[in-house]
Amino acid sequence: MSQVFVVDSTKQPLNPVHPGRARLLLRHGKAAVYRRCPFTIILKRAVEQPSLHPLRIKVDPGSKTTGIALVNDASGEVVWAAELTHRGEQIKRDLDKRRAARRNRRQRKTRYRAPRFQNRRKRKGTLPPSLENRICNVVTWVCRLMRLCPITAISQELVRFDTQALERPDIEGVEYQHGQLSGYEVKEYLLLKWNHRCAYCDAREVPLELDHISPRSRNGSNRVSNLTLACTPCNQRKSNQDVREFLHEDPARLARVLAHMQAPLRDAAAVNATRWALYARIRALGLPVEGGSGGLTKYNRVMRRLDKTHWLDAVNVGRSTPASLIIKDIVPWHITAIGHGSRQMCRMDKYGFPRTGPKQHKRVRGFQTGDLVRAVVTSGTKQGTYVGKVAVRTRGSFNISTTQGVVTDIHHRFCVLIARSDGYTYQQGKEAVLPPTA
Ligand SMILES: [Zn+2]
């Protein structure tokens, strides 16, 4: 079970407890609900000098989804897990739309408006808004969790593969063929370099095997530059042929493979710019931060026979991963970033002209779009109880999106606030298992 976070009356974080114990504390009036997501209770007394079991936050940053897990290093217990879905793509779309509307407006037959983007300067190290947002999401959640439970360390997957492991000559033997750690680093490197495809038939999402471009039996080297990825049929057909023999009927592909083989992948640091920026921000929080490589994560996960999910990847980040993990009945939270609404005052039509009147207030009758509400309607055609996200309307009758669908025109006097919108939506369960990448 994902555990319940506990803070005392001074909001000092205490050890998370089993949901059953939390229920008991709530029933006996010793605690109250402090936050719904992640579920946190607040004790009605202060605890002096509590004995705390230190936890570690583990993060596996991804471009679409980031896995987050809380692990007790001493016991190997996974306390809580979540998958955070970013809104980078949406931000890019919104900015593209705004740019188009502004350009359109400048070029209409009205007075001349000089473009403003050309006389703005960017600070050094500024990331594009879509990437910046991904970093901010993760930092927000690390900070939130630090306020709710005793965190003493952070682990973050920093690079896809460990360049040092690739460069050290002593690992360039048969080791990688026998599933040693360095083999995972090599495989991650090759997956990135060869774009997760078979080099000879472009097959994707099939198991890919290591292939020596110039075969070992003909004195081909064991260096990573001589390695590529091939699907099982291609690998068997190629057997111990040299690539020039194997591809003699397809000179175009041969040239491509040889050219790609020559070009080393750009430095890992450049590939992972966002991750290093995230690392710098997390380090500034003042806790010891451990970095890990994607190869190590995969090695840890495969050795412990775990599925490929974002949150399980997060659990396996870094060398600190306990030898035996206790993951019984953990149901990860699915957290989706939805932002805090739009600052645009008027909606536009497709020509960029205002379609609506300017929005007066974000908050209507104490409610804001995105708040979680419960509405108990006692009479009329809409009689019933509805729980869900509210979309406010200035006229005072709101729409509520429940699990059964959207209910329209519910008057604000029926609505009771359950939780304020905090820029994220939450859902527990519905485990998404990813297709294997290798
Ligand atoms: Zn193939």
Side-chain angles (χ1 to χ4, degrees), residues 62-65 157 159-163 165-167 171-268 270-272 293-303 305-310 312-313 432-438:
S63 65
K64 284 207 179 82
T65 306
E157 189 180 298
V159 285
R160 293 282 287 274
F161 48 86
D162 187 349
T163 25
L166 295 179
E167 281 156 11
I171 63 128
E172 283 199 356
V174 285
E175 253 188 312
Y176 60 81
Q177 291 164 338
H178 298 306
Q180 296 298 307
L181 169 58
S182 52
Y184 283 83
E185 304 290 0
V186 172
K187 191 87 182 267
E188 282 302 298
Y189 173 86
L190 291 174
L191 282 170
L192 207 62
K193 182 176 172 182
W194 295 92
N195 208 6
H196 291 261
R197 282 168 201 268
C198 169
Y200 306 123
C201 72
D202 291 336
R204 283 191 81 117
E205 315 216 336
V206 292
L208 295 173
E209 297 168 352
L210 288 182
D211 178 57
H212 288 84
I213 296 175
S214 173
R216 285 293 288 152
S217 59
R218 301 190 179 189
N219 292 332
S221 96
N222 238 343
R223 300 191 64 87
V224 276
S225 56
N226 188 36
L227 293 174
T228 185
L229 294 168
C231 65
T232 319
C234 286
N235 205 0
Q236 281 172 357
R237 267 191 299 122
K238 182 168 177 283
S239 181
N240 68 340
Q241 295 176 73
D242 189 83
V243 71
R244 289 169 192 81
E245 267 172 68
F246 180 60
L247 291 179
H248 71 276
E249 285 174 355
D250 190 352
R253 182 181 294 276
L254 176 63
R256 227 168 35 237
V257 169
L258 290 178
H260 206 99
M261 171 188 165
Q262 295 298 322
L265 190 61
R266 277 173 304 147
D267 188 76
V271 176
N272 301 305
S293 73
L296 178 63
T297 302
K298 197 165 174 182
Y299 175 79
N300 283 340
R301 178 165 55 72
V302 173
M303 287 297 138
R305 295 201 174 82
L306 297 170
D307 292 334
K308 163 87 183 143
T309 61
H310 292 292
L312 280 173
D313 266 347
V433 180
L434 299 178
T437 50

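Both ligands and their constituent atoms are indexed starting at 1 by order of listing.
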D242 side-chain N/O to R244 backbone N/O, donor-acceptor pair under 3.5 Å: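 Side chain of D242 to backbone of R244: a pair is present.
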Side chain K193, main chain T228, donor-acceptor under 3.5 Å: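 Side chain of K193 to backbone of T228, a donor-acceptor pair under 3.5 Å: no, none is there.
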The Zn ion (ligand 1) - number of protein N/O/S atoms closer than 2.8 Å: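 N, O or S atoms of the protein closer than 2.8 Å: 4.
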Which residue in the set C231, C201, P233, C234 passes side-chain contact (heavy atoms from CB on, under 4.5 Å) when paired with V206? C231
What pairs with S225 under side chain to side chain donor-acceptor pair (under 3.5 Å), at least two apart in sequence or on another chain? none
Look at the aromatic rings of H260 and W194 and report parallel, tilted or perpendicular, splitting at 30° and 60°. tilted
For L227 and V186, run side-chain contact (heavy atoms from CB on, under 4.5 Å): C-alpha distance rounded to whole Å, both residues' side-chain angles, the deciding distance at 0.1 Å, then the answer. CA-CA 9 Å; L227 293 174; V186 172; 4.0 Å; yes
